[in-house]
Amino acid sequence: MTSSSELWPFSYIYNCYEDFLFYITKDVLLVFALTFITLMCWKKSWKQKPSGTQLKPTLKKKWDTSSTLKEKSPEVIIVGAGVLGSAFAAVLARDDRRVTVIERSMSEPDTFAGEVLQPGGYKILKLLGLENSLEGCEASKLRGFQIHDLVNKEKNNLFFRLVENEDIEDGRSFRHGRFVMGLRKIAMAESNVKFIEGTVINLVEDDGCIIGVQYKDKKSENVKELYAPLTVVADGLFSNIRKHLISQKPNVTSHFAGVTMKTPQELLLTKMNTIISDSSVFSIYTISYSESRVLINIAGEVPRNLKDYLMQSVYPVMPDHHKESFCEAVQNNNFKLLPANYLPAATLNKSGVILLGDAYNIRHPLTGGGMSIILSDIAIWRNLLQNIPCLDNYEAILQAKKKFYWLRKMNCTFVMNISAELTHQMFSAKDSTTLLVRKAYFEYRNFGEKYSQKSAQMYGMLTPKPSSLICFLGGVLIHAMRLALKSEPWYRKHHAVCTIGTILCKMLSFLIPLAYSEMCQ
């Protein structure tokens, strides 16, 4: 354990560093942001070709004709009734919009992606008036993170809030399928919402504008068309509509297995417990009154025999009180596999359509931020659409899209997406340089309650501002340099300088392209 006498000069540097950032961050970020936006606008205006984003008179006339076919035709078509589709339908219906949702299957989804709602996401759920969706889900309170690094022998215990701070809510964890069914129930209770069980085959386009969808009805198996001024595509991780709207494809960064294990009530966790070892990285969290989920990251190629991999790589480092339940779940094949993708958000200015959810933006699931980002996007769009009475005003929708792209980055996605990818990169690392940065990452958060609290609230989407992430990463890098210097005797300090250079090159080569992909839409 490092003594306070050894740490005092570096504590002074950290405090000066934070004070310095406090005074300059806003001005520097503003100058940087304005410069960056100017360059991007110049780049786009230089490269931009004429497109169908401007509303043409012939299109307006045709839309007016089609909109009179039925007195109660939908104003919004939503493709997909997952978390985003169902929640968005309920929210829009309460704003007196007529909504039709087309979903492939109305049965309860059987997947383990999207089972954690961070405190910031739970707060938005309540602001949207959808908190009743958790009734009957056996949702458990999520009060923070507990992270064990068995390689560096480090541990972080992070709480979202202090005992006296009652203004901050805890997060929630649950079975994904039950949460979706709760949201669908709320949406179905709205008189302005109609659900159709069927598969959307394609978007209907006229003169560069999306005017509806073509779908195959599940009951009659007939191919039909449905028209509306606005179509929201939210058909999830394996979207078959995404490719018709944007050129980007999800990049598979790893795979993750989800194991469902029976857990006695006295062993249920109120934190997300993450364990990092030489052989595996996995998280354990509660999903019901009697079950826990083990989310296991699998780097590289998926093993041919997944059951053997789980027993050889995960079981030995599983906490003793969970070993028996984990072994039983694996032997009973109570696990599934999904790809972990990264897909940065892209600008979509095509008229008549919005792309949202995992069809639009994906990050690694290790930090559990996906559901919270989805709800944040819904809240942003709700506010934007409340100022647009007629959804066939495509120019107003285009301006709303531009605001949305900027607001979501400043509100949460820049921090949450970069944090998720960076955490995955550090936790899966095997090289000595990244392991040193990971050690600094753990030690920095253990300097005091102030540091651990800021980190927990950032990951919990309570303070998801870019300046929070910049301050945190800056502190970690400074401490990593200090560790590099301390690890070498005086006559080998030049090696420490080389190590510092390697740390900076490695981290910046990872962070700069990542930040660029998040900021440049």
Side-chain angles (χ1 to χ4, degrees), residues 14-15 17-22 25-26 28-29 33 116-124 142-147 149 154-162 165 167-173 271-274 283 285 361 363-377 379 407-427 437-438 440-480 507 510-511 514-515 518-519:
Y14 290 138
N15 290 330
Y17 165 75
E18 288 206 338
D19 292 339
F20 175 71
L21 283 176
F22 176 79
T25 296
K26 290 183 179 179
V28 171
L29 283 177
V116 172
L117 194 59
Q118 300 294 354
Y122 182 60
K123 181 180 179 181
I124 296 172
L142 191 69
R143 296 195 166 103
F145 300 97
Q146 193 172 60
I147 311 172
D149 186 351
E154 299 285 349
K155 180 180 178 180
N156 282 157
N157 218 346
L158 308 176
F159 292 90
F160 292 131
R161 62 173 177 174
L162 301 175
N165 192 350
D167 294 332
I168 297 176
E169 290 280 358
D170 297 314
R172 296 293 186 273
S173 57
K271 291 184 181 180
M272 179 180 279
N273 191 357
T274 301
S283 297
Y285 55 90
N361 183 207
R363 81 288 312 151
H364 200 278
L366 197 57
T367 54
M371 294 297 99
S372 301
I373 291 174
I374 282 174
L375 293 173
S376 175
D377 286 352
L407 286 172
R408 75 188 303 265
K409 285 181 283 193
M410 293 298 101
N411 282 358
C412 65
T413 57
F414 181 82
V415 171
M416 300 300 287
N417 289 349
I418 290 179
S419 297
E421 295 305 312
L422 181 61
T423 301
H424 168 243
Q425 180 80 1
M426 282 199 300
F427 286 8
V437 176
R438 191 168 85 197
Y441 171 85
F442 274 83
E443 288 189 0
Y444 181 76
R445 298 201 292 195
N446 283 335
F447 278 159
E449 199 172 68
K450 172 184 174 182
Y451 299 95
S452 62
Q453 187 76 8
K454 284 183 178 180
S455 175
Q457 292 192 0
M458 184 177 67
Y459 278 81
M461 219 176 87
L462 294 166
T463 55
K465 301 299 180 184
S467 56
S468 302
L469 181 64
I470 292 168
C471 289
F472 175 72
L473 293 180
V476 170
L477 285 176
I478 288 175
H479 186 54
M507 296 307 295
F510 176 76
L511 287 171
L514 189 59
E518 288 297 325
M519 292 297 291

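Close placement of the F145 and F160 rings is indicated, their centers lying within 6.0 Å of each other.
Atom CE of residue M461 and atom CD1 of residue I373 lie 7.0 Å apart, to the nearest 0.5 angstrom. Rounding to the nearest 0.5 Å places SG of C412 at 11.5 Å from CD of Q118. Here the CE-CG distance, from M416 to N411, works out to 12.5 Å after rounding to the nearest 0.5 Å. Distance CG/L142 to OG/S173: 5.5 Å, rounded to 0.5 Å. Atom CG of L473 is separated from atom OG of S419 by 7.0 Å, given to the nearest 0.5 angstrom. Rounded to the nearest 0.5 angstrom, F442 CZ and M426 CE are separated by 8.0 Å.
Side-chain N or O atoms of D170 include none that pairs as donor or acceptor with a backbone N or O of R143 at under 3.5 Å. A donor-acceptor pair under 3.5 Å is formed between the side chain of T413 and the backbone N or O of R408. Although no hydrogens or angles enter the test, the distance criterion places a donor-acceptor pair under 3.5 Å between the side chain of S452 and the main chain of E449. The backbone N or O of M519 lies less than 3.5 Å from a partner atom in the side chain of K409, making a donor-acceptor pair.
Closest approach of G121 to S372, counting heavy atoms only: CA-OG, 3.5 Å. Nearest heavy-atom pair, E443 versus H479, reported as atom, atom and distance to 0.1 Å: OE1-NE2, 2.8 Å. Across all non-hydrogen atoms, the minimal contact from E421 to H364 is OE2-N, 2.8 Å. Closest non-hydrogen pair, V476 versus V437, comes out as CG1-O, 4.1 Å. The minimum heavy-atom distance linking I418 with E518 is given by the pair CG1-CG, 4.0 Å. When every heavy atom of K155 is checked against every heavy atom of N446, the shortest pair comes out as O-ND2, 2.9 Å.
With contacts defined as side-chain heavy-atom distances shorter than 4.5 Å, the pair K454/R445 does not qualify. Within the 4.5 Å cutoff, the side chain of M272 has no heavy atoms near those of the T367 side chain.
The aromatic rings of F427 and Y441 lie perpendicular to each other, with more than 60° between the two planes, well past the 30° mark.
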Between Q453 and L158, does a side-chain contact (heavy atoms from CB on, under 4.5 Å) hold up when you go through it step by step? CA-CA 7 Å; Q453 187 76 8; L158 308 176; over 6 Å; no
